Amino acid sequence: MAETLNKKHGVEGYIHFESGESGLPKAVLTNPSAGAKLEVYPYGAHISSWTTKYGEHIFMSKKALFGNGKAIRGGIPVIFPQFGSGKIQNHGFARNTDWEVVGTRVSKTEPITVSIDLQLKDSKFTLDIWPHPFETTLTIHLSTKVDIEWRVKNTGDNTFDFQAALHTYFTVSDIKNASAVGLKGVTYIDKVKGGERKEEERPAVVISEEVDRVYLDVNQNPILLVDKERENSLKLHRTGFRDVVVWNPWTEKARGMADLGEEAFPKFMCVEVGEIGTPVTLPAGQEWLGKHSIEPSLQSSL
Ligand code: TA6
């Protein structure tokens, strides 16, 4: 499979495909001028690594499972058409389904950018779960930052609603050193407290227990992910994603997750961008576009 993908989509010196975990094909994007590298599995259109001169920015569980309809623990799970629990499986089917590589390219004008397009269309599998024809394309641009462009098109005859999120696991030196900055004053759904709605009072959200919050209609853009023990912070820009999720399962929940384990929870902070609180209503023939850019920065405050 990797060989076929290399023949069709490989770009010498920038994009190659290789056999990854559990033999799943994996695209490796390399941008020498940016000193950056990114890995993405067509399975789930799942980014599993992004490194820059500041090191690895993405957390992957050592116990993650790959393929066979399982969601990969860590990386950037692509959540569609449902966020969380509901009528279909938790977080929908997009993250544990094979997407197709439909394009790769390198833009040689500065800043040199290495790109890959992945696409998922409705199938009997998806229609049996969620009876709406759709076509979704996720484009990843690797320069000195990562830009993700995500399109969802309604290819059917009827309007449908959907939720969407990029459920990013950021690697941190230790959860006690990490904070998400820019959420002060925002109303959030506290999923640890039965869905209670509260207002964030802190300029920097730090985690010292299980946290599972959906911050609604966040105006601040970018949000900053700060790690006191790392040289860089990360600027999280977004358009088309109104909400931001902050999650860490902490000890007990992590212990109960076979693909995570309690020794892992201090090493990541999920800061996710999404359309969650108010699902997107997409009329027939229309297209939704969400953009998320993750950029290393030396800024530690907004
Ligand atoms: O984004 C936070 C969350 O919705 C949590 O409630 C937790 O369920 C997490 O996602 C992971 O979900 P998963 O289905 O990947 O185990």
Side-chain angles (χ1 to χ4, degrees), residues 21 41 43-48 58-97 129-130 148 150 162-172 175 178 180 183 186-198 200 205-207 209-218 223 225 236 238 241-279 290 292 294:
E21 296 288 344
Y41 285 83
Y43 178 80
H46 195 108
I47 294 172
S48 57
I58 299 296
F59 167 86
M60 284 295 290
S61 170
K62 292 183 174 55
K63 299 179 179 175
L65 302 171
F66 289 75
N68 300 319
K70 292 279 185 195
I72 300 172
R73 181 67 62 196
I76 307 186
V78 176
I79 308 296
F80 171 84
Q82 175 186 290
F83 182 89
S85 57
K87 288 182 185 166
I88 66 175
Q89 69 259 59
N90 200 54
H91 286 336
F93 49 71
R95 64 175 178 168
N96 41 24
T97 308
I129 298 170
W130 190 65
I148 299 170
W150 186 6
F162 70 91
Q163 296 169 307
L166 294 170
H167 190 301
T168 309
Y169 289 70
F170 290 102
T171 189
V172 294
I175 191 68
L183 296 168
V186 179
T187 297
Y188 63 88
I189 297 169
D190 189 339
K191 290 171 67 176
V192 174
K193 302 276 191 324
E196 201 180 312
R197 289 186 182 221
K198 303 177 187 173
E200 183 54 64
V205 175
V206 292
I207 293 181
E209 57 186 348
E210 180 188 359
V211 167
D212 190 354
R213 299 175 180 178
V214 181
Y215 289 85
L216 300 167
D217 294 318
V218 178
I223 296 294
L225 176 65
L236 313 181
R238 69 205 196 284
F241 292 108
R242 286 167 286 186
D243 307 323
V244 172
V245 177
V246 176
W247 176 63
N248 185 286
W250 212 249
T251 315
E252 198 180 319
K253 280 280 174 67
R255 184 186 300 132
M257 297 164 76
D259 60 355
L260 188 63
E262 66 180 282
E263 70 287 349
F265 83 85
K267 292 300 177 193
F268 74 89
M269 183 172 187
C270 279
V271 184
E272 311 159 29
V273 296
E275 283 287 86
I276 301 163
T278 306
H292 183 30
I294 312 171

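Since this is a predicted model, take the numbers as computed values, not measurements. In listed order, ligands and their atoms are each counted from 1. Along the sequence shown, residues are numbered consecutively beginning with 1. All values below come from the heavy atoms of this structure, side chains included, with hydrogens, waters and symmetry mates left out.
- When all heavy atoms are compared, the tightest approach of V205 to M269 is O-CE, 3.8 Å.
- Looking at every heavy atom in both residues, H167 comes nearest to C270 through CE1-SG, 3.7 Å.
- A donor-acceptor contact shorter than 3.5 Å links the side chain of N248 to the backbone of F265.
- Remark: K62 NZ is loosely packed, at most 12 non-hydrogen atoms of other residues, nucleotides or ligands lying under 6.0 Å away.
- Residues I129 and Q89 are in side-chain contact: their nearest non-hydrogen atoms beyond the backbone lie under 4.5 Å apart.
- Residues P81 and I88 have side chains in contact (heavy-atom distance under 4.5 Å, counting atoms from C-beta outward).
- Residue-level contacts of ligand 1 at the 4.0 Å heavy-atom threshold are R73, F83, N90, H91, R95, H167, K191, D212, V245, W247, E272.
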